[in-house]
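Single-structure report; data block below.
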Amino acid sequence: IGPFDWDNDKDYGQTDKETEWEYETNGFAIVYYHPDKNAENKLNALNILELVDAVVPETEEILGKYPSTEEMNGRKLPIYLPIDGEEYNTLVQLLANGNASKGSKYGCSVMEYGPLGCLMRGIVVHPDAFKQYNGEQRYIKVIRREMMHYAYLNLIDYNLEVPKPYFWFSNGLAEYFAHGAAENGM
């Protein structure tokens, strides 16, 4: 994806001819998943879209706004649900054009920076994030964390002569948000 290829028609989930991807969408995101016989993957996609709808206003409350689809040149936030760890690692590499280390244990985002801003190539959620750990599902924290990165990094005016965003700040803010900061009065 070049710096001007903003529409979702060029998403890997749209262009991959070898793997069958389906998707669900709302006003903010498009979730790519593989169809399965018991529709669990589709249910996961729908649960993520419901979470996205809840996270957007929380992000707006903290940052003052959330980048709208219109502000992103019509692009919705792509989220991928690979079927196993191997596909997860492959997908992270594909989205990063081979320039990424392995994604984190439960999920990560791949972004591209340029004069037009920050292009989110995709959030990739590891299948293990949907398993229960100590009564919680990790995918919720993954989506909250990566959406905060997306919002924060897209609210920066990259045309100004300012230093690159401090990643320690972005990571700290995203981690804090992932653990329910909006619910705790941040």
Side-chain angles (χ1 to χ4, degrees), residues 1-2 5-56 59 67 69 72 74-112 118-151 153-154 171 174-175 177-180:
I1 293 180
D5 295 328
W6 288 85
D7 63 5
N8 291 104
D9 292 343
K10 305 248 184 344
D11 286 350
Y12 180 73
Q14 302 275 355
T15 61
D16 178 22
K17 302 300 180 206
E18 295 177 23
T19 311
E20 185 178 352
W21 291 95
E22 291 187 5
Y23 64 88
E24 297 293 330
T25 188
N26 65 12
F28 300 103
I30 182 167
V31 181
Y32 296 100
Y33 65 95
H34 297 290
D36 59 328
K37 62 182 174 188
N38 61 4
E40 184 177 335
N41 295 340
K42 181 175 183 172
L43 181 60
N44 287 341
L46 292 171
N47 286 337
I48 285 178
L49 289 175
E50 188 175 311
L51 178 61
V52 166
D53 282 337
V55 169
V56 168
T59 306
T69 301
M72 301 308 297
R75 183 174 176 77
K76 294 182 179 186
L77 175 61
I79 302 171
Y80 294 89
L81 308 181
I83 55 172
D84 57 30
E86 182 180 343
E87 186 182 40
Y88 171 79
N89 290 328
T90 300
L91 190 52
V92 169
Q93 287 298 319
L94 284 168
L95 293 175
N97 294 319
N99 295 320
S101 59
K102 288 184 178 180
S104 72
K105 186 174 181 178
Y106 298 110
C108 68
S109 54
V110 178
M111 295 169 256
E112 181 178 325
C118 175
L119 174 68
M120 176 68 81
R121 305 271 319 249
I123 294 173
V124 186
V125 182
H126 195 286
D128 287 349
F130 291 95
K131 296 177 182 173
Q132 289 283 337
Y133 293 97
N134 297 322
E136 69 177 8
Q137 290 183 309
R138 304 276 181 167
Y139 82 90
I140 295 170
K141 288 183 180 176
V142 169
I143 295 298
R144 290 177 63 85
R145 180 182 193 284
E146 301 309 330
M147 282 183 68
M148 178 55 78
H149 278 305
Y150 171 73
L153 294 171
N154 276 295
N171 279 328
E175 277 299 314
F177 186 70
H179 293 279

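- Every side chain to side chain contact (heavy atoms under 4.5 Å, CB included) that Asp53 has, sequence neighbours left out, goes to Asn26, Phe28.
- Sequence neighbours left out, not one pair with a member in residues 82-94 passes salt bridge (Lys or Arg N to Asp or Glu O under 4.0 Å).
- The salt bridge (Lys or Arg N to Asp or Glu O under 4.0 Å) contacts involving residues 124-134 comprise Asp128-Lys131, where partners must be two or more places apart or lie in separate chains.
- For Thr69, the side-chain hydrogen bond (donor to acceptor under 3.5 Å, both in side chains) criterion is met by no residue, not counting sequence neighbours.
- Among residues two or more places apart in sequence or in another chain, the ring pair (Phe, Tyr, Trp, His ring centres under 6.0 Å) test is passed with Tyr150 by Tyr66.
- The minimum heavy-atom distance linking Val92 with Cys108 is given by the pair CG2-SG, 3.6 Å.
- Arg121 places a side-chain N or O within donor-acceptor distance of the main-chain N or O of Leu95, the cut-off being under 3.5 Å.
- Side-chain contact check for Phe177 versus Met147: every heavy-atom pair is 4.5 Å or farther apart.
- Shown here are the side-chain hydrogen bond (donor to acceptor under 3.5 Å, both in side chains) partners of Thr90, two or more places apart in sequence or in another chain: there are none.
- The shortest distance between side-chain heavy atoms of Tyr139 and Leu81 does not fall below 4.5 Å.
- Every residue meeting the ring pair (Phe, Tyr, Trp, His ring centres under 6.0 Å) condition with Tyr32, not counting sequence neighbours, appears here in chain and number order: Tyr23, Tyr80.
- For Gly85 against Pro127, the heavy-atom pair with the smallest separation is N-CG, 4.4 Å.
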Result block: side-chain N/O donor-acceptor pairs under 3.5 angstrom for residues 39-49, not counting sequence neighbours:
{"residue": "Asn41", "atom": "ND2", "partner": "His34", "partner atom": "O", "Å": "2.8"}
{"residue": "Asn47", "atom": "ND2", "partner": "Leu43", "partner atom": "O", "Å": "3.4"}

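- Considering CZ of Arg138 and CD1 of Ile143, their distance stands at 14.5 Å, rounded to 0.5 Å.
- Atom CD1 in Ile79 sits 9.0 Å away from atom CE in Met120 (nearest 0.5 Å).
- When the side-chain hydrogen bond (donor to acceptor under 3.5 Å, both in side chains) test is applied to Glu50, no partner is found at least two apart in sequence or on another chain.
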In sequence, state the C-alpha distance, the side-chain angles, and the governing distance for Lys10 and Gln14, and then conclude on side-chain contact (heavy atoms from CB on, under 4.5 Å). CA-CA 6 Å; Lys10 305 248 184 344; Gln14 302 275 355; over 6 Å; no
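- Taking every heavy atom of both residues into account, Glu146 and Ser109 meet most closely at OE1-OG, 2.6 Å.
- In terms of the side chain to side chain contact (heavy atoms under 4.5 Å, CB included) criterion, residue partners of Ile140 (sequence neighbours excluded) are, by chain and number, Leu51, Arg144.
- For the residue pair Pro78 and Asp11, the shortest heavy atom distance occurs at CB-OD2, 3.7 Å.
- Put simply, CG on Leu153 and CE on Met111 are 5.5 Å apart, with the number rounded to the nearest 0.5 Å.
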